Amino acid sequence: MDEKVLMKGTDALSEAAVQAGCRCYFGYPITPQNEIPEYMSRRMEEVGGVFLQGESEIASINMVLGAAATGARAMTSSSSPGISLKQEGLSFMAALELPAVIVNINRGGPGLGNIAPSQGDYYQATRGGGHGDYRMPVYAPASVQELYDITMQTFDVADKYRTPVMILGDGMTGQIVEPIIAHEYIRPAEDLPPKDYILDGAQGRPSRIIKSLILDVREMEEHNWKLKRKYDLMKQELPQWEEFMTDDAKMTIIAYGTAARIAKGAVKRARSQGLKVGLLRPITLWPFPDEAIISVAKKSKIFLVFEMSTGQMIDDVRLAVEGRVPCEFYGRPGGIVPAPQELARIIERYWLQKEL
Amino acid sequence: MDRFSVFSSRLVDKSENFTSGHRACQGCAEALAVRHVMKALGRDTIVAMSTGCMEIISSPLPLTAWKVPWIHNAFENSAAVISGCEAGMKAMMRKGIIPQKKINFVAMGGDGATADIGMGPLSGALERGHDMVYICYDNEAYMNTGIQRSSSTPFGASTTTSPAGKDSMGQHTQKKNMPQIAVAHDIPYVATACPSFPFDLIEKVKKAAEMPGAAYVHILSVCPTGWRIQPQDAIKYGRLAIDSCVFPLYEVVNGEYRLTYTPYRKLPVTEYLKGQGRFRHLTDKEIQLIQDKVDRDYQKILKRCEEGR
């Protein structure tokens, strides 16, 4: 298992889910994530799992909800317009504290948009998206290997905190083919909490209740605070990020996912010209790696946030920075994937402008 | 169709409201169906179309194949959007802002948009009885996204999410009977059609548009790409579907059934199944199951037609 194999992003994600013990997959066709249900329809038959294609995204997410309530490791995937339909289910699962993994292969929007890679769903993913006072861990892998590893990890995170978890990729991370080590699932070091909430028949034990209708305002307030405590714990334990050449960087690029891959190339180019530029790549978008941003802000003179959107993550960067360094922005929305050269030119421009 | 002794192609409207130059695959019978439908409807038509093959191929803006007002909406909403269009125009006409005129309000969708995700809005529109026509182009899978199964995929067909193989025989559920669901709404007009029988199709769409209230037309559209057949065979397979009674052509006017085409000689389903790549894995036993089901369903339709006499 430890030798390298060539794998497509969506296949790696699907296989990692199967390895991590996901035996319930509920999908619905939408480009550019069709390879996930297609892979699962074949693979689930082989491993004795369940593949079901719902009649809509709403059906699929609620099938996930049902499966999670029985204690199964369940997953669904979609792309931007489909994820909008799934928001009701996400809000319910956050309220019911049911674990599941939701994959969003982000495409250009708003509306039907197109099927090209985009990062326009950042707000929707990190701000909850659905109604009510909830949060949801969001992971943004940038390579096929990371997609594989993070998919396995998300099932553990979901079970540990009893929460839906989102993997936010895009057309690029899904379609790219890279060599990866498709290792077996490694159980987390600490034991996951027992699933003592699942509905599996109350014979010989008191009945359990999973519900989100709480009419008593005091009870509802307590439920909200309970969730808040859980989210605070996640904020301490979950943030993940990658730093690349930030130690002596005067300018730091902040980018995630596909944009970070481009940014890495641009940073290398800038370095070859003698510009001291670094890259900070948040891997978790919620909880946002504030600490990392603050520590890099102490070293850098300027931040350049690069996104394949009109500027969404820059809000989180600014919140974390609290005015310590100026934050500039460069974005290419609508499905355009710029080359590293383009970003390198922008870096050079700011470098000269700010006289670094 | 049987009430007309002569059908001449010269008498069909020559104007094209769905023009050539669109991006459909070679041999797409669905694009042909849209063309015939638009001939039948004429220019005074507003079309609301769900996401799907026909939307993608006909509207790569700024290019468009449509010569009528056309609105595109999300997958599940064409019936709801056309309900809004109809209600809006009604109000505008009542206020005298737009002159009184007979306008055809037409919603179109594929089988996924109709039988799966858009079923709720469609049912709502039929129940409310808007003066509209809903046209379902049924190519028996989600062809636009790459041949995934839908609830309209027939028993035994292999698709990318119901793959045939060692452990699977392909789609293992029966095709959802959408025309019957529409009939159950007690609407004035329901019909099935196929572009292999263009005059029948045109007549039915005209009837559907003229009938006050909601009408539903279900069009079997052969998809060479998804059915794994040669592009030049699309019309042939449409005929075979009807001649083998897999897809009988009938209409239901105010609850009364009428068969609009009786096959001269009823063909066995093998004639229809053979040559289609999506059915190539089927065993004799499974084909017999399909034959039995087709016979049963056809008898049901015949019985209902007799009751209507």
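Nothing here was measured: the structure is a model prediction, and the numbers come from that model. Lettering of chains follows the sequences in order, A, B, ..., and the numbering in each one begins at 1. The figures that follow rest on heavy atoms only: side chains count, while hydrogens, waters and symmetry mates do not.
Neither the backbone nor the side chain of A:Ile115 comes within contact range of chain B; no heavy atom of the residue lies under 4.5 Å from a heavy atom of that chain. If you measure heavy-atom distances from B:Thr161 to chain A, the contacts under 4.5 Å come from both the backbone and the side chain. Residue contact with chain B, scored on non-hydrogen atoms closer than 4.5 Å, involves the backbone and the side chain of A:Pro37 alike. Only the side chain of A:Tyr28 comes within less than 4.5 Å of a heavy atom of chain B; its backbone N, CA, C and O stay farther away.
Two rings, from B:Trp227 and B:Tyr237, have their centers 6.0 Å or more apart.
In this structure, B:His172 places its NE2 atom where only 12 or fewer heavy-atom neighbours from other residues, nucleotides or ligands lie under 6.0 Å away.
Between the side chains of A:Thr10 and A:Gln33, no donor N or O sits under 3.5 Å from an acceptor N or O.
Under the salt bridge (charged side-chain N to carboxylate O under 4.0 Å, His left out) test applied with A:Glu35, the options A:Arg42, A:Lys8, A:Arg43 reduce to a single match, A:Lys8.
When the candidates A:Thr31, A:Ile30, A:Asn34 are compared by the number of heavy-atom contacts under 4.5 Å with chain B, A:Asn34 comes out ahead. Between chain B and the options A:Gly111, A:Pro81, A:Ser56, A:Gly27, the largest number of non-hydrogen pairs under 4.5 Å is found for A:Ser56.
Side-chain atoms of B:Ser168 come within 3.5 Å of backbone atoms of B:Pro163 as a donor-acceptor pair (strictly under, hydrogens ignored).
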